[in-house]
Amino acid sequence: MHIGVDYYPEHWGKERWEIDAQMMKKAGFNVVRLAEFAWAKMEPSEGKYELDWLDEAIKILSGYGIKVILGTPTGSRPPWLARKYPETTAVDITGHRISYGGRKDNCPTSKTYRRLSSRITEVLAEHYAGEKAVIGWQTDNEFACPVCYCGDCEAAWHNHLKSKYRTLNELNRRWGTVFWGHIYSDWEEIPLPRKGQDNPSLSLEHRRFHSLQVVSFQREQVEILRRITPDRFITHNFMGFSPWVDYYDLAGDLDFVSWDCYYNYSSWSERLNNYSLQAAGHDLMRSLKKRNFWIMETSAGPVGNRMFSRNLRPGELRRMGYQTVAHGADGLLWFRWRTSLYGFEQYWHGLLGHDGVPGRRYREASLTSDELQKLSGEIEGSRVKSEVAIFYSYDDRWAFEIQPNFEKFDYVSHLLCYYKALQKEGVNVDFTHLNSSLDGYRLLILPAPYIVREEAVQKLKEFVNKGGILLLTFRSGVKNEDNIPTEKTLPGLFRDLAGVRVEEYEALEGSWKVSYSVTPGVSYSVELDGKIFPCCYTADWVVPENAKVICRYREKHLKDYAAVTVNHLGAGRVYYVGTYFSIDEAYSLLLKKILKGVPLKRYFSAPYGVEVYMREKGSKHYAFILNHNEKKAEVKINNSGFYMDIISGNTVKNKITLPAGEVAVLKF
Ligand SMILES: [Zn+2]
């Protein structure tokens with residue numbers, strides 16, 4: 001395994017580098033990421049390159065057996081560049097160039113910036129082509145924003161529309177520009193979306209456009225790196241559920257995905273839920289290329305900028321390290337080595353504090369590294385296999401950001417309701433999209449598949465006919481790819497599959513607040529297995545056609561309408577869930593009902609707060625069991641036989657008891 005830290009030798013005097021490298025070696029680290037924000041140090045004035053300092057740092061590190069991932073430094077521009085080439089600075093929504101002083105403030109489209117980005121990438125690739133210690137590249141840093149409104153972007157936007165729609169007649173027809181009389185007679189008349197009253201078709205196409213600009217910006221770097229250093233891997237540090245770039249596209253040009261995973265960023269009380277969000281993030285990152293991933297940055301202490309977050313609890317850094325590996329990580333780098341004295345991230349803490357003295361967090365990272373290296377012989381080459389997948393679509397996400405449909409609706413939170421219920425069932429979960437193969441899945445969950453194409457529905461029909469189980473929720477099949485509502489009765493193209501029609505739908509007034517207790521003022525509720533659950537956000541008034549009713553709404557005027565149904569079709573089943581539940585237990589009960597009798601690989605029964613995840617290699621299975629609770633937990637083993645905990649070396653049978661925060665890896 002590759003284990004290490006993100007390191008900034010340029011922040012410290014050279015006399016410290018050797019001490020750092022020794023301490024890293026002692027901790028068992030074998031990799032660092034360097035230089036992704038060091039453009040100004042590499043090229044202090046245009047065309048004058050100074051890489052001696054980086055050569056020296058790499059030499060010292062490699063002397064201690066530490067390999068290097070180099071970042072292309074285009075995530076932050078040198079001041080001379082911003083001043084000399086003002087056209088490289090992004091323009092904000094009001095038409096003003098943003099001021100220099102942060103990072104990622106460049107226009108992704110700017111021909112000048114792309115030329116300069118290609119040049120520094122080429123210089124680095126050529127300089128380090130013969131350096132064996134450099135094992136791979138990270139492109140730029142955390143691609144996302146800004147969305148730029150400069151002249152270059154506007155011209156590229158018009159070219160994008162011309163190549164997609166070919167004629168203005170076609171664009172006018174598909175976008176329905178007859179509404180408010182916005183019929184375009186020249187491509188140049190088409191604005192960038194900024195009004196908040198923009199045509200939803202235009203707004204969605206612009207989200208796609210921004211994403212494509214970022215993907216093509218990265219592609220220019222990737223092509224240079226592949227040409228000059230074909231033997232090095234190329235990755236990028238993604239950001240989990242970040243919405244700005246279609247990550248399936250961005251991952252397409254890379255060897256593997258890495259991501260920056262911070263789990264102590266939000267409030268204290270969310271700790272138990274955070275592990276689910278991070279787990280889902282790992283699963284999404286693995287699913288982008290359906291292969292193992294790396295953690296390029298993760299929490300090493302309190303994080304923050306102007307303010308800092310909670311610290312990591314004893315054992316948490318280790319346990320969350322195991323979580324990354326459980327979900328398919330083959331590389332793990334803590335951010336950062338030592339807390340910076342300078343700049344905006346003074347309070348984004350590293351393994352070492354400002355004082356540079358190794359302490360508790362350093363020792364825990366060292367222990368984790370040591371343990372994981374001992375396991376690596378066993379688990380190397382193992383992968384996560386899932387029989388369950390959740391659809392995650394950037395089109396749907398963007399369309400819901402443009403029109404949330406009802407107050408406070410959040411696509412990812414909705415998806416996580418189902419994810420958490422699956423996690424409690426102890427099954428591995430993939431994320432997928434409709435261009436991907438569905439082979440090997442038994443259950444597919446489509447949370448609000450809003451934008452839908454005919455061929456996708458055909459694919460899902462085949463999946464169900466062959467015995468697959470499909471779950472659709474409210475706002476299924478509402479729109480076509482131009483973000484135009486279907487003229488079919490809802491759920492539109494899904495009607496035959498679901499065996500229902502949605503006669504009416506509504507937002508639930510005053511019920512948007514997701515709560516873990518019954519919320520006063522909730523207007524609708526359902527009964528599932530003898531328990532009452534309030535509905536929130538929305539309710540579809542569902543009329544079963546071929547489907548059977550699982551539960552109806554309990555309120556009088558809805559007594560003829562269903563909330564949840566199942567349709568038996570071919571060898572499979574299709575569930576339709578017409579509402580949003582505010583209590584997690586509702587999803588658990590529903591998933592239990594759906595999965596009853598389905599022969600999924602589930603070897604363990606874990607209580608609340610205990611996560612079980614599986615990696616496989618040939619006939620060998622490695623079950624990672626993580627007790628996220630602050631008290632001990634008992635996990636029942638559903639199969640007979642003996643299991644070896646490859647961390648402790650102990651053999652267990654029938655059950656395993658884990659102290660608070662402890663982990664085990666059972667091999668069988
Ligand atoms: Zn621009």
Side-chain angles (χ1 to χ4, degrees), residues 36-37 39-40 43 46 71-121 139-165 171 184 186-196 198-199 201-224 236-239 242-247 249-250 253 394 398 401-402:
E36 83 283 6
F37 291 125
W39 195 346
E43 191 180 359
E46 186 165 9
T72 63
T74 46
S76 181
R77 299 170 304 153
W80 62 257
L81 190 157
R83 185 162 172 226
K84 185 170 179 187
Y85 301 106
E87 71 273 28
T88 64
T89 305
V91 168
D92 70 15
I93 198 164
T94 66
H96 294 96
R97 290 231 180 253
I98 56 184
S99 57
Y100 182 80
R103 66 179 205 198
K104 288 311 299 169
D105 49 9
N106 67 282
C107 163
T109 305
S110 160
K111 285 196 179 71
T112 309
Y113 196 61
R114 287 184 177 215
R115 177 173 63 79
L116 297 167
S117 144
S118 293
R119 197 173 66 188
I120 188 69
T121 303
T139 57
D140 203 278
N141 184 74
E142 298 184 343
F143 282 123
C145 288
V147 176
C148 180
Y149 296 81
C150 78
D152 280 1
C153 284
E154 194 159 19
W157 163 237
H158 293 147
N159 284 334
H160 166 80
L161 295 175
K162 276 181 217 166
S163 76
K164 175 155 182 175
Y165 295 96
L171 178 142
Y184 300 111
D186 190 312
W187 295 99
E188 310 247 318
E189 292 165 359
I190 305 172
L192 294 162
R194 357 173 165 232
K195 291 274 181 235
D198 293 300
N199 182 331
S201 304
L202 178 148
S203 297
L204 178 59
E205 196 52 41
H206 186 256
R207 292 298 294 261
R208 293 178 182 135
F209 165 76
H210 170 72
S211 177
L212 287 168
Q213 293 310 100
V214 172
V215 170
S216 80
F217 178 89
Q218 175 181 259
R219 188 167 296 149
E220 290 183 6
Q221 292 193 354
V222 168
E223 282 168 2
I224 292 164
H236 173 74
N237 53 337
F238 291 65
M239 293 187 286
S242 166
W244 293 104
V245 180
D246 182 328
Y247 274 175
D249 271 2
L250 192 70
D253 289 326
Y394 286 90
W398 294 335
E401 284 184 9
I402 294 161

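All ligand and atom numbering here is 1-based and tracks the order in the structure. Not measured: the values here are computed from a predicted model.
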**OP:** State whether the number of non-hydrogen atoms from other residues, nucleotides or ligands found under 6.0 Å of K162 atom NZ is greater than 12.
**Re:** yes
Original post:
Within less than 2.8 Å of the Zn ion (ligand 1), how many protein N/O/S atoms are there?
Top reply: 4
**OP:** Under the side-chain contact (heavy atoms from CB on, under 4.5 Å) rule, collect the residues that match up with L212, sequence neighbours excluded.
**Re:** H160, D249
Original post:
Salt-bridged, K84 to E46, with N to O below 4.0 Å?
Top reply: yes
Original post:
Does a sphere of radius 6.0 Å around CZ in R83 hold more than 12 heavy atoms from other residues, nucleotides or ligands, not counting ones at 6.0 Å or beyond?
Top reply: no
**OP:** Answer yes when R77 and D105 have at least one side-chain N-carboxylate O distance shorter than 4.0 Å, and no when they do not.
**Re:** yes
**OP:** Check for a donor-acceptor pair, side chain of S110 on one end and backbone N or O of C107 on the other, with a separation under 3.5 Å.
**Re:** no
